[in-house]
Protein chains: 2
Amino acid sequence: MITKNSVALAADATLRARGLRLTRQRRIILEVVRATDAHPTAAFVYRRVRRRLPRVSLATVYRNLRTLAAEGFVAERADPSGARFDGNTAPHDHFTCVACGRIYDVPPRADRAVRARVATRTGFEVLNHRTEFYGRCVACRRHGRRSPVKGQRRS
Amino acid sequence: MITKNSVALAADATLRARGLRLTRQRRIILEVVRATDAHPTAAFVYRRVRRRLPRVSLATVYRNLRTLAAEGFVAERADPSGARFDGNTAPHDHFTCVACGRIYDVPPRADRAVRARVATRTGFEVLNHRTEFYGRCVACRRHGRRSPVKGQRRS
DNA sequence: CAGCTTGTTGATAATGATTACTAAAAACAG
DNA sequence: CTGTTTTTAGTAATCATTATCAACAAGCTG
């Protein structure tokens, strides 16, 4: 089972091997990102971390999200209004609801062939790929929402 | 055949139907985006448009790229360092070279089943989907480039 | 332990992309 | 023309992100 603690231990070992340290801030930032499936922005992570470390700096959050992403402990994705982070580093796809803006995880497709096809067609070396779906989630379909809700805070 | 002029005519008609106009600026911005497959940034479009309209404003470029995207004449995609635009509005996928940063078009997969699978699994209404591939393009493989080249201008 | 080196933090300034604002120009309708 | 609406250029403002830096902490080394 993946526990908070086993994650921290693994992170600690990996970071040490690079001459980096798993500081209190870094550990809590990692825990916050892994504890939600909301694909949070840096600002969201900042707000959450502040509950446990009231004196943390926004720069520290950004700095560590970058570090953790570079070391593979979180994934980073580009969003029209900025970066979002994902504590789920297992391969999976995403569904973005065009009405409420929420991003849902979607189980990945069995896709060995997809990369191979692109590789042979282009001659490129395909290291990775990801599919993004867009549409309306169940809740928004039920409520008949069609367009982005204005004024809602980005999570 | 799709000519510059037929595009302009179609754009003009669509825009008029919305009470908008195909101004000189708007038309040239559209032409610039459609004339390249470099998935340009707003700054790139601005530089190109300025060759033909030296007094154009950067704000005008942004404003019109947004308008043209909203009307479906160009596609917009989020990139880690900002928005990129695509004059190719036919369905297709993208390959991003992690070494040189270039974004290549990839022919789309026959994919009726992909959306259906997600729809039945989630209950969501899937309107669209897009696959992003990451790897090294032929040129970068040949030159043995592995990491992003620093200091190059985003196109 | 004291001293040295290096990594890290919080605070804040700086940057870069994008958007908002506004007065003037252009496009159109009658 | 004349009035109305849209659009523009120029610029200020905003927002996310990054850089800078002095103070601090952790890990050696002797």
Side-chain angles (χ1 to χ4, degrees), chain A residues 11-30 39-47 49-50 52-71 74 76-85 148 150-155, chain B residues 8 11-30 39-47 49-50 52-71 74 76-85 101 148 150-155:
Chain A
D12 188 53
T14 306
L15 291 170
R16 267 167 199 284
R18 305 252 187 181
L20 304 176
R21 295 162 196 170
L22 184 64
T23 59
R24 194 169 158 65
Q25 293 75 338
R26 205 165 266 168
R27 179 172 49 76
I28 292 177
I29 289 165
L30 178 56
H39 306 84
T41 61
F44 176 94
V45 175
Y46 175 55
R47 271 182 262 121
V49 171
R50 228 177 356 177
R52 296 167 64 185
L53 289 175
R55 303 196 49 88
V56 77
S57 157
L58 178 58
T60 299
V61 171
Y62 270 103
R63 199 177 330 112
N64 284 305
L65 284 171
R66 251 187 297 131
T67 303
L68 291 168
E71 297 301 328
V74 305
E76 187 175 349
R77 41 182 267 116
D79 199 71
S81 50
R84 283 173 175 278
F85 299 88
K150 258 302 181 205
Q152 69 189 340
R153 179 143 75 174
R154 296 177 73 222
S155 71
Chain B
D12 188 54
T14 306
L15 291 171
R16 270 168 197 286
R18 305 252 187 180
L20 305 176
R21 294 160 196 173
L22 185 63
T23 59
R24 193 167 158 65
Q25 293 74 337
R26 207 166 264 168
R27 178 171 50 75
I28 292 176
I29 289 165
L30 178 56
H39 305 85
T41 62
F44 176 95
V45 175
Y46 175 55
R47 270 182 263 124
V49 170
R50 227 177 357 176
R52 296 168 64 186
L53 289 175
R55 303 196 48 87
V56 76
S57 157
L58 178 59
T60 298
V61 171
Y62 270 104
R63 198 179 333 109
N64 284 307
L65 284 171
R66 252 188 296 132
T67 302
L68 291 168
E71 299 301 329
V74 305
E76 187 176 351
R77 43 183 264 116
D79 199 71
S81 50
R84 282 173 176 278
F85 298 88
K150 257 304 183 204
Q152 69 189 338
R153 180 143 76 173
R154 296 178 73 222
S155 70

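Residue numbers start from 1 in every chain, and the chains themselves are labelled A, B, ... in the order their sequence lines are given, proteins ahead of strands.
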What contact category does [X] fall into here, base, sugar-phosphate, or nothing, at under 4.0 angstrom with non-hydrogen atoms?
{"X": "B:Arg63", "value": "base"}
{"X": "B:Arg55", "value": "sugar-phosphate"}
{"X": "A:Arg16", "value": "sugar-phosphate"}
{"X": "B:Ala43", "value": "nothing"}
{"X": "A:Thr60", "value": "base"}

Without swapping roles, check the side chain of B:Arg27 against the backbone of B:Ala8 for a donor-acceptor pair under 3.5 Å.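 Between the backbone of B:Ala8 and the side chain of B:Arg27 there is no qualifying donor-acceptor contact (under 3.5 Å).
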Got a sec, which residues hit side-chain hydrogen bond (donor to acceptor under 3.5 Å, both in side chains) with [X], two or more places apart in sequence or on another chain?
{"X": "A:Arg18", "result": "A:Glu71"}
{"X": "B:Arg16", "result": "B:Asp12"}
{"X": "B:Ser81", "result": "B:Arg154"}

Pick the closest DNA chain C nucleotide for B:Asp12 and for B:Ala42 by heavy atoms, then say which residue is nearer the 5' end.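 The residue whose closest nucleotide sits nearer the 5' end is B:Ala42.
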Heavy-atom nearest nucleotide on DNA chain C for B:Arg24 versus B:Ala83: which residue maps closer to 5'?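 It is B:Ala83 whose nearest nucleotide is closer to the 5' end.
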Taking CZ in B:Arg52 as the centre, count heavy atoms belonging to other residues, nucleotides or ligands within less than 6.0 Å. Is the count above 12?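 Above 12, so yes.
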Which two nucleotides bound the region of DNA chain D that has atoms under 4.0 Å from heavy atoms of chain B, read 5' to 3'?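 Result: D:dT5 to D:dT11.
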Tell me whether the NZ or CZ atom of B:Arg50 lies within the 45° cone about the ring axis of B:Tyr46 and under 6.0 Å from its centre.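 Flagged: B:Arg50 positioned over aromatic ring of B:Tyr46.
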If you apply the rule side-chain contact (heavy atoms from CB on, under 4.5 Å), what do you find for A:Gln25 with A:Val49, and how did you get there? CA-CA 8 Å; A:Gln25 293 75 338; A:Val49 171; over 6 Å; no
How would you give the extent of chain A contacts on DNA chain C, as first and last nucleotide 5' to 3' within a 4.0 Å heavy-atom cut-off?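 First and last nucleotides in contact are C:dT6 to C:dT12.
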Please name all residues satisfying side-chain contact (heavy atoms from CB on, under 4.5 Å) with A:Phe44, sequence neighbours left out, ordered by chain then number.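 By the side-chain contact (heavy atoms from CB on, under 4.5 Å) rule, A:Phe44 matches A:Thr36, A:Pro40, A:Thr41, A:Arg47, A:Arg48, A:Ser155.
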